[in-house]
Amino acid sequence: MSAKIKEKDATLILSDGTKFSGKSFAFHSSTSGEVVFNTGMVGYPETLSDPSYNGQILTLTYPLIGNYGVPSDERDEFGIKKFFESDGVHISGLVISDYSHEYSHTSAVKSLGEWLREHKVPAIYGVDTRALTKKLREKGVMLGKIVIGKDIKIKNSNKENQVSKVSTDEVVEYKSKLSARRAKSVLLVDCGVKNNIIRCFLDRGVNVKRVPWGYDFTREKYDGLFISNGPGDPKKCKVTIENLKKALKQKRPVFGICLGSQLMALAAGADTYKLKYGHRAHNQPCIDVDTGKCYITSQNHGYAVDENTLSRSWEAWFSNANDGTNEGVRHKSKPFFAVQFHPEAMSGPTDTEFLFDDFIKLL
């Protein structure tokens, strides 16, 4: 249990002037960003620590939040945090309906409010999140601000390169405990990678070399290239796209997830566009266009690949069952493929984790 802090009045103001009143239960400071929503029922520690949310004010549609607290910062044998997807909280602010001031869980060590205050992230509860979500679905995601005390101007985070803010700034190498003497290696371009992606490789006996988003990897030695998830507009990552163009002229396997899928498509000459309100949840249905099989996936993105702009060498692989947007692409003859959803989950379903095995078989 945790002591209840002194709350303050707070207001969420959208760029069109719409206001939602509530109470601040975390860091008492105003903030701005793109207001988006996530329909997941659980997994807020993993969600809020996902770098793909950088620069966004996140609305959780599930009404009761905070009831199981926040776990410890314990790290696994690879030095990676066990219960979080990065070392920090990446949202600009949090909007919820009902906050549970008292939490209960065997692994919890602090409340959600305490965790957010540690990372200086504002949060507001008491908001009609149903009305807010309906508005965002009808009008599309929009910029906004949470005002707690001093008013601020709304900052357009979409104009910035969000990837540069969340990528590692140094090369980091991970050695799998299961790897053989001549283990396969993956060069991972960190655009805001989630911890469980790294763990999915290490658990399969593959060594990982993690490099910054703008790192020139074209002369590196590796068995396979992986392009991670990340926040913002993929077109801001011009250096990564140029390096990928060189990689796609070779024959070494390339695998991309989420932003990585968009970057691979751009490098291949296709185009991307901004979705009306994006896909953020643990319940997104995706269909394999070859087999017609539907997988339930975890997702977090606001942009998508325009599959109509793919060259003849590439083809659509998965599609979203809700709106028909592209959820995966692949090369017709070379070992290059990417998906828009998150096969590593954390949090969410693990239906598509086999994609890591498929990639490793190509190494």
Side-chain angles (χ1 to χ4, degrees), residues 1-10 12 20-29 31 36-53 56-77 79-133 146 148 194-196 199 280-284 296 298-300 342 344-350:
M1 301 299 177
S2 62
K4 183 177 179 181
I5 69 162
K6 184 177 180 180
E7 298 174 347
K8 291 188 177 182
D9 292 334
L12 171 67
F20 295 87
S21 297
K23 293 287 185 180
S24 168
F25 69 91
F27 186 61
H28 296 323
S29 179
T31 190
V36 302
F37 64 88
N38 182 301
T39 58
M41 296 176 65
V42 294
Y44 56 79
E46 298 93 336
T47 298
L48 274 56
S49 58
D50 180 353
S52 294
Y53 278 113
Q56 297 180 325
I57 295 175
L58 177 62
T59 302
L60 298 179
T61 63
Y62 187 67
L64 181 61
I65 301 296
N67 55 311
Y68 57 89
V70 175
S72 70
D73 288 337
E74 182 181 355
R75 295 179 183 270
D76 62 19
E77 58 184 328
I80 302 172
K81 286 191 176 182
K82 284 186 174 182
F83 307 113
F84 303 100
E85 289 307 291
S86 70
D87 285 348
V89 178
H90 290 280
I91 58 170
S92 293
L94 180 66
V95 180
I96 62 175
S97 175
D98 187 17
Y99 175 59
S100 179
H101 292 89
E102 296 186 350
Y103 64 88
S104 178
H105 195 280
T106 55
S107 64
V109 296
K110 66 188 70 171
S111 70
L112 173 59
E114 289 174 317
W115 184 49
L116 293 176
R117 286 195 297 278
E118 289 176 4
H119 292 276
K120 297 183 178 180
V121 176
I124 175 176
Y125 81 97
V127 173
D128 186 346
T129 52
R130 183 178 177 83
L132 173 58
T133 301
I146 295 175
I148 304 170
K194 290 172 62 182
N195 284 341
N196 204 43
R199 193 178 291 113
R280 300 174 181 89
H282 309 147
N283 52 5
Q284 292 288 326
I296 302 302
S298 177
Q299 299 194 17
N300 177 15
H342 284 266
E344 84 287 349
M346 287 294 283
S347 54
T350 57

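Side-chain atoms are counted along with the backbone in the values below, which use heavy atoms only and exclude waters and symmetry mates.
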Exercise: identify the closest heavy-atom pair between Ala281 and Gln284: CB-NE2, 4.1 Å
Atom pair OG (Ser111) and CG (Leu116), whose distance is rounded to the nearest 0.5 Å: 8.5 Å
Spacing of Arg117 atom CZ and His28 atom NE2 [to the nearest 0.5 Å]: 7.5 Å
Side chain Ser100, main chain Tyr103, donor-acceptor under 3.5 Å: no
Phe37: partners by ring pair (Phe, Tyr, Trp, His ring centres under 6.0 Å), with sequence neighbours left out: Tyr277
Ring pair (Phe, Tyr, Trp, His ring centres under 6.0 Å) partners of Tyr68, counting only residues at least two apart: Tyr44
Ile91 CD1 to Ser49 OG distance, which is reported to the nearest 0.5 Å: 10.0 Å
With sequence neighbours excluded, residues passing side chain to side chain contact (heavy atoms under 4.5 Å, CB included) with Thr47: Asn38, Tyr53, Leu58, His282, Ser347
Residue pair Asn300, Arg280: steps toward the side-chain contact (heavy atoms from CB on, under 4.5 Å) verdict: CA-CA 4 Å; Asn300 177 15; Arg280 300 174 181 89; 3.5 Å; yes
Pairing residues for Ser29 by the side chain to side chain contact (heavy atoms under 4.5 Å, CB included) criterion, not counting sequence neighbours: Phe27
From CA spacing to verdict: side-chain contact (heavy atoms from CB on, under 4.5 Å), Leu94, Leu60: CA-CA 8 Å; Leu94 180 66; Leu60 298 179; 3.9 Å; yes
Polar contact flag, side-chain donor to acceptor under 3.5 angstrom, His101-Glu7: yes
Ser107 side chain reached by Ser72 side chain, heavy atoms, under 4.5 Å: no
Parallel, tilted or perpendicular, as decided by the 30° and 60° cut-offs, for the rings of Tyr99 and Phe25: parallel
Separation between NZ of Lys120 and OG1 of Thr31, rounded to the nearest 0.5 Å: 13.0 Å
Heavy-atom side-chain proximity of Thr61 to Thr129 below 4.5 angstrom: no
From CG (Asp9) to OG (Ser24), nearest 0.5 Å: 9.5 Å
Asp98: side chain to side chain contact (heavy atoms under 4.5 Å, CB included) partners, not counting sequence neighbours: Leu64
Donor-acceptor pair, side chain of His105 and main chain of Pro71, under 3.5 angstrom: no
Pairwise distance CG(Asn195) to CZ(Phe84) - rounded to 0.5 angstrom: 10.5 Å
Non-hydrogen atoms of Ser52 and Gln56 that approach each other most closely: O-OE1, 3.9 Å
Least distance between heavy atoms, Pro122 atom then Ile148 atom: CB-CD1, 4.0 Å
Trace of the side-chain contact (heavy atoms from CB on, under 4.5 Å) decision for Val121 with Leu48: CA-CA 10 Å; Val121 176; Leu48 274 56; over 6 Å; no
Lys194 side-chain N/O to Met346 backbone N/O, donor-acceptor pair under 3.5 Å: yes
Donor-acceptor pair, side chain of Ser92 and main chain of Ile57, under 3.5 angstrom: no
Closest heavy-atom pair and its distance - Ile296, Asn283: CG2-CA, 3.8 Å
Glu85 (side chain) donor-acceptor with Asn196 (main chain) under 3.5 angstrom: yes
Where Ala26 and Ala123 come nearest, the two heavy atoms and their spacing: CB-CB, 3.8 Å
Check against side-chain contact (heavy atoms from CB on, under 4.5 Å), Arg75 and Ile80: CA-CA 5 Å; Arg75 295 179 183 270; Ile80 302 172; 5.8 Å; no
With Ala345 via side chain to side chain contact (heavy atoms under 4.5 Å, CB included) - residues at least two apart: Thr350
